[in-house]
Novice: 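Structure in structure tokens, see below.
The chains referred to below are lettered A, B, ... by the order of the sequence lines, with proteins before strands, and numbering in each begins at 1.
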Amino acid sequence: MEYQFSTIEKKWQEAWKSKKAYQVSNESSKPKCYVLDMFPYPSGAGLHVGHPLGYIASDIYSRFKRLKGFNVLHPMGYDAFGLPAEQYAIEHGVHPAKSTHGNIDNFRKQLDNIGFSYDWEREVRTCDATYYKWTQWIFLQLFNSYYDRVAQKAMPIAELIAVFEKEGNVHQVCPGDANINFSAADWKGYSEKEQQTILMHYRLAFCGYGEVNWCEALGTVLANDEVINGFSERGGHPVEKKKLRQWYLRITEYADRLLSGLETIQFSDAMKEMQSNWIGKSYGAEIDFAVNGHDASLRVYTTRPDTVFGVDFMVVAPEHALIESITPASHKASVEAYIAYVKSRSERERIAEKKISGCFTGAYVVNPFNQQLIPIWISEYVLAGYGTGAIMAVPCGDDRDFKFAQHFNIPITNIIGDAFDGKEANPTKEAKLTNSDFLNGVIQKDAIAIVNDKIEAMGIGKRKVNYRMRDAAFSRQRYWGEPFPIKWIDGVAYPLSENELPLLLPDVDHYGPGPEGEGPLANIESWKAENYETNTMPGYAGSSWYFLRYMDPSNTTEFCSRKVSDYWGQVDLYIGGTEHAVGHLLYSRMWTKALYDLGYIGFDEPFKKLLNQGMIQGSSRFVYRKRGTHTFVSAGLVGAHEVDQLHVDVNMVDGVELDTAAFKKWKPDYANADFILEDGKYVCGVEVEKMSKSKFNTVNPDDLVQKYGADTFRMYEMFLGPVEQSKPWDTKGIEGVHRFIKKFWRMFFDEMKGKVWVDEAPTTEELKILHKTIKKIEEDTERYSFNTAISAFMICINELYDAGCHKKAILEQVLILITPYAPHFSEELWSAIGNTGLIVDAAYPIFDPQYVLETAKEYPVSINGKVRSNISIALDASEEQVREIVLSNPAVQKWVEDKPVKKLIFVKGKMINIVI
RNA sequence: GCGGAUGUGGCGAAAUUGGCAGACGCACUAGACUUAGGAUCUAGCGCCGCGAGGCGUGUGGGUUCGACCCCCUCCAUCCGCACCA
């Protein structure tokens with residue numbers, strides 16, 4: 001009986017399906033476990049070997065937990081709204097729904113090949129109306145809520161209205177505009193529109209205005225990624241900043257809870273650090289500087305008020321509202337030219353720019369502490385969206401300010417004495433202040449509070465907590481997304497009522513943008529006639545709550561029943577890439593908190609444990625064509641020729657050696673290619689890049705599954721290295737894993753002899769091998785160390801092989817252990833040795849320490865830290881006994897000679913070190 | 001620019017809490033079996049050295065009886081930076 005994986009795998013996949021082996025119930029006496037993958041965007045390129053890395057890991061963990069007696073929820077679905085489908089529609093006229101469904105079918109086929117234990121009855125697709133009905137519903141909850149800063153939670157907006165009617169907003173500072181103040185009488189006197197405008201400043205989902213990268217020629221908004229040096233990546237058209245009406249989520253109100261919540265969840269320290277850096281909480285002060293000769297003041301935000309005597313210039317963002325009114329005629333032209341330049345720059349380029357640029361406005365502010373005039377500059381590195389859009393520059397203490405001052409020859413005031421050497425800024429807080437009037441001699445960090453007290457007493461500023469995070473832009477001028485359940489009447493946004501949901505995404509004739517920066521929906525007469533919002537929601541809307549829908553996917557009356565979400569609770573293990581560190585993982589945390597505040601769910605963090613899978617990179621191969629010819633030069637000989645470097649399909653290259661025959665057949669262009677070989681071979685160039693179809697470096701899992709089987713593929717992906725680690729894909733080593741599986745098979749059935757497994761009682765030696773393995777596999781799986789678990793399987797089988805063990809009692813237990821890793825293989829052998837039920841429902845072996853007890857240990861003995869000998873000593877030997885045994889050992893004596901032993905270190909069960 | 005991660009044989013990696021560096025596998029070498037081998041089995045395999053031994057975890061330093069592991073410096077590579085998902 002041979003190991004015929006393709007027959008076996010098909011057979012068991014069908015058996016699992018017909019027996020509904022992976023259907024999971026919302027009611028069970030077993031403990032629950034929720035294991036979740038970040039669901040994929042179904043791209044047209046299909047699955048490559050990078051995708052299943054995390055899916056295999058989560059599948060192993062799910063199956064492991066199931067064997068250990070848990071009721072495991074392990075679902076899968078599709079993040080199906082998004083730009084690529086829309087782009088494809090624009091180019092090919094295919095409705096995004098159609099291409100998306102085709103892509104999903106393809107993904108599903110590919111996923112099924114690998115033998116996952118998903119409960120497909122729970123599949124969700126964010127683009128289905130039955131799903132996005134509830135995305136719209138949650139949006140309405142956010143729209144109809146505000147964040148109560150006293151209670152520190154979201155509350156229904158109706159309660160806020162009741163408060164306004166009673167006392168105005170004296171106790172409810174307006175988060176959207178702190179200058180809005182009104183009494184109960186004021187409120188009652190406002191028109192409907194005025195009231196709605198005020199409420200909009202409180203809502204958790206609100207409408208406002210924001211700047212975007214606008215490309216007039218494409219009539220569309222672009223991501224920073226799509227803008228290169230002021231031009232669109234696609235087509236090379238000019239791009240500039242434009243203010244558009246936008247929806248936002250008031251995630252900043254949750255900043256503190258998003259920070260403190262990190263302490264309650266198991267994310268890696270790196271992930272937590274990235275999130276808190278993104279939130280960027282800082283303690284500082286806002287200070288007003290009067291503008292010289294104007295009845296205006298410039299408000300800056302600073303974390304270093306102690307340096308106020310070292311301010312040599314101000315820098316304001318080019319978008320700052322004050323610039324126009326304070327710039328004197330003499331400087332108008334240069335200021336406007338600079339602003340025009342910055343308009344073409346994406347935010348990313350502005351922050352990342354190493355070259356210093358800026359422009360003097362010709363205006364000055366007055367330092368309120370010493371009345372000195374301070375010039376006001378504008379520069380692109382100051383962003384309008386952060387703080388007040390203006391900073392006070394202290395060159396002796398801030399690197400960026402220092403370089404700016406040097407570049408523009410602005411004199412530098414030293415306020416930290418010797419701590420500043422004139423060559424480099426020193427951002428210390430420990431220096432004693434000089435040139436600082438009443439602060440002279442004070443340590444900087446102590447001066448912060450003194451200055452803060454003073455500015456508050458003088459009424460020119462106040463302490464301020466600031467966040468780097470901005471409210472999340474929540475609208476897109478696109479077609480393929482959830483429509484907003486909003487109608488605009490007389491400039492006021494009115495929510496649809498719950499029974500009008502879902503508001504279906506209508507069909508359009510063409511997918512291009514609407515007029516005036518509006519989305520494609522603005523092109524539909526009937527849509528406009530109903531006054532519906534023409535923007536759609538962004539990609540992250542549907543993905544911010546999908547983990548809840550899996551729990552109760554076919555509920556038609558609720559997004560998820562409270563009873564069900566109480567049962568499943570938090571996701572116990574969430575697996576996905578770090579690229580979602582600050583997007584999806586913050587948004588979904590915020591949505592969870594809001595739903596919790598409003599009482600719809602009982603937990604306020606969605607993911608108890610996050611495991612980040614590393615990115616599988618592609619290892620690209622290149623050929624070198626002599627310019628203007630059909631001659632290809634081997635990589636080692638390129639030097640002498642003028643060549644173009646071209647990507648070549650990695651599947652035609654064995655290591656670095658090109659299959660020249662396959663290459664000639666690859667593209668008509670290459671049919672009559674000549675090659676200049678080295679050592680008779682054509683050697684390709686190698687580079688590690690992102691895996692992508694256009695780089696011809698993708699490897700399709702289907703091919704590997706076909707050649708080696710799903711079980712080998714699953715184990716090989718895990719055997720590559722730690723799941724968390726990024727690495728370039730290399731198919732080479734898969735043979736080793738395949739050999740292991742075949743060897744394991746031969747423990748049961750031999751090609752020549754047929755059945756070789758026997759029904760005999762195991763020896764203690766065999767039991768020791770088994771129990772050592774049980775312990776190792778269980779521990780490694782529990783800590784997601786799948787690569788070491790697989791090597792433990794290999795060791796186990798090697799040892800059983802060497803021991804000549806073919807005993808069912810042992811092998812059967814190892815089969816259960818390996819089920820999460822190689823489920824088809826295990827099912828087949830499980831039934832072949834006479835079991836009736838499915839192995840996926842077997843009971844996990846229980847480790848018994850009595851089989852692995854040791855009485856002695858081979859201690860490594862080192863002398864001055866270098867291992868010189870190994871001595872076997874009883875584990876229960878006392879330190880004195882050990883000392884005696886070791887020092888009388890001839891090998892040790894040879895090294896110690898007559899030198900006195902200064903110290904002997906004995907770590908029980910570990911090692912012995914002699915210091916001489 | 002800012003933030004995060006990673007760096008160990010020819011290659012993927014292991015070393016779980018500061019305690020024998022290189023488990024397990026790939027590739028390679030030699031041999032066995034064989035009509036055949038891209039099957040299987042046996043043995044070898046960090047570097048230098050005949051050997052004794054010495055050296056060795058990106059660089060340079062530090063802490064320690066002892067450092068791949070902790071601290072500092074520098075270098076290289078990868079990922080993210082708000083409308084790609």
Novice: Answer with yes or no whether Q246(A) presents, from its side chain, a donor or acceptor under 3.5 Å of a partner atom in the base of C83(B).
Specialist: yes
Novice: Distance check, P atoms only: G56(B) and C2(B), in whole angstrom units.
Specialist: 35 Å
Novice: To the nearest Å, give me how far apart CD (Q725(A)) and P (A5(B)) are.
Specialist: 14 Å
Novice: For atom C1', what is the distance between U59(B) and U6(B), given to the nearest Å?
Specialist: 16 Å
Novice: K776(A) or D399(A): which one's nearest nucleotide on RNA chain B is closer to the 5' end?
Specialist: D399(A)
Novice: Counting the benzene-type ring for Trp, do Y859(A) and F906(A) have ring centres under 6.0 Å apart?
Specialist: yes
Novice: Check whether Y381(A) forms a cation-pi arrangement with R400(A) (NZ or CZ under 6.0 Å from the six-membered ring centre, at most 45° off the ring normal).
Specialist: yes
Novice: If you only use heavy atoms from C-beta on, which nucleotide in G3(B), C65(B), A85(B) is closest to the side chain of M274(A)?
Specialist: G3(B)
Novice: Evaluate N798(A) against K743(A) for side-chain hydrogen bond (donor to acceptor under 3.5 Å, both in side chains), listing each step before the verdict.
Specialist: CA-CA 9 Å; N798(A) 287 345; K743(A) 185 172 188 176; 3.0 Å; yes
Novice: Which nucleotide in the set A39(B), C24(B), G19(B) lies at the smallest distance from any side-chain heavy atom of R739(A)?
Specialist: A39(B)
Novice: Kindly say whether the aromatic ring centers of W745(A) and Y3(A) come within a distance under 6.0 Å.
Specialist: yes
Novice: Between R478(A) and K707(A), just flag the one whose closest nucleotide in RNA chain B comes earlier from the 5' side.
Specialist: K707(A)
Novice: Can you tell me how far C1' in C26(B) sits from the matching atom in A14(B), rounded to whole Å?
Specialist: 15 Å
Novice: Assign E273(A) to base, sugar-phosphate, or nothing according to its heavy-atom contacts below 4.0 angstrom with the strands shown.
Specialist: sugar-phosphate
Novice: What's the OH-P distance between Y41(A) and C83(B), to the nearest Å?
Specialist: 17 Å
Novice: Any chance the rings of F5(A) and Y708(A) have centres within less than 6.0 Å?
Specialist: no
Novice: What integer number of Å spans the P atoms of G22(B) and U57(B)?
Specialist: 14 Å
Novice: Rounding to the closest angstrom, what is the interatomic distance between C78(B) and A13(B) at atom P?
Specialist: 16 Å
Novice: Looking only at atom C1', what distance separates G12(B) and G62(B), rounded to whole Å?
Specialist: 33 Å
Novice: Taking atom C1' in both G25(B) and A76(B), what distance in whole Å separates the two?
Specialist: 28 Å
Novice: What is the separation between atom CD on E518(A) and atom C1' on C83(B), rounded to the nearest whole Å?
Specialist: 17 Å
Novice: Consider the side chain of N798(A), meaning its heavy atoms from C-beta on, and name the nucleotide among C24(B), A5(B), G80(B) that approaches it most closely.
Specialist: C24(B)
Novice: Anything under 30° is parallel, anything over 60° is perpendicular, the rest tilted; go ahead and classify F484(A) against F474(A).
Specialist: perpendicular
Novice: In this structure, is the centre-to-centre distance between the rings of F793(A) and Y821(A) below 6.0 Å?
Specialist: yes
Novice: Using residues 864-872 of chain A as the side-chain source, report each donor-acceptor pair under 3.5 Å to any protein atom, sequence neighbours left out, with the distance given to one decimal.
Specialist:
from	atom 1	to	atom 2	distance (Å)
N864(A)	OD1	I916(A)	N	3.1

Novice: Please give, in whole Å, the distance from C24(B) P to I797(A) CD1?
Specialist: 15 Å
Novice: Measure from the side chain of I795(A), starting at C-beta and using heavy atoms only, and say which of C79(B), C41(B), C24(B) lies closest.
Specialist: C24(B)
Novice: On the side chain of K727(A), is there an atom forming a donor-acceptor pair with the base of U6(B) - under 3.5 Å, no angle test?
Specialist: no
Novice: Report yes or no: do D471(A) and T252(A) form a side-chain donor-acceptor pair below 3.5 Å?
Specialist: yes
Novice: Parallel, tilted or perpendicular, judged at 30° and 60°: which one describes the rings of W480(A) and F81(A)?
Specialist: perpendicular
Novice: If you measure from the C1' atom in G46(B) to the same atom in A21(B), how many Å do you get, rounded?
Specialist: 10 Å
Novice: S543(A) pairs by side chain to side chain contact (heavy atoms under 4.5 Å, CB included) with which of F547(A), W545(A), Y540(A)?
Specialist: Y540(A)
Novice: Which dot-bracket string fits RNA chain B when only Watson-Crick or G-U wobble pairs with both atom distances under 3.5 Å count, crossing pairs get [ ], and | stands for a partner on a different strand?
Specialist: (((((((..(((......[....))).(((((.......))))).(((....)))..(.(((..]....))).))))))))....
Novice: Near RNA chain B, counting only heavy atoms under 4.0 Å, which residues of residues 858-866 of chain A show up?
Specialist: E858(A), P860(A), K866(A)
Novice: Would G9(B) be called syn or anti here, given the cut-off of 90° from 0?
Specialist: syn
Novice: Using a cut-off of 4.0 Å on non-hydrogen atoms, how would the nucleic acid contact of N213(A) be classed: base, sugar-phosphate, or nothing?
Specialist: nothing
Novice: For the pair made of CG in L586(A) and P in A85(B), what is the distance, rounded to whole Å?
Specialist: 17 Å
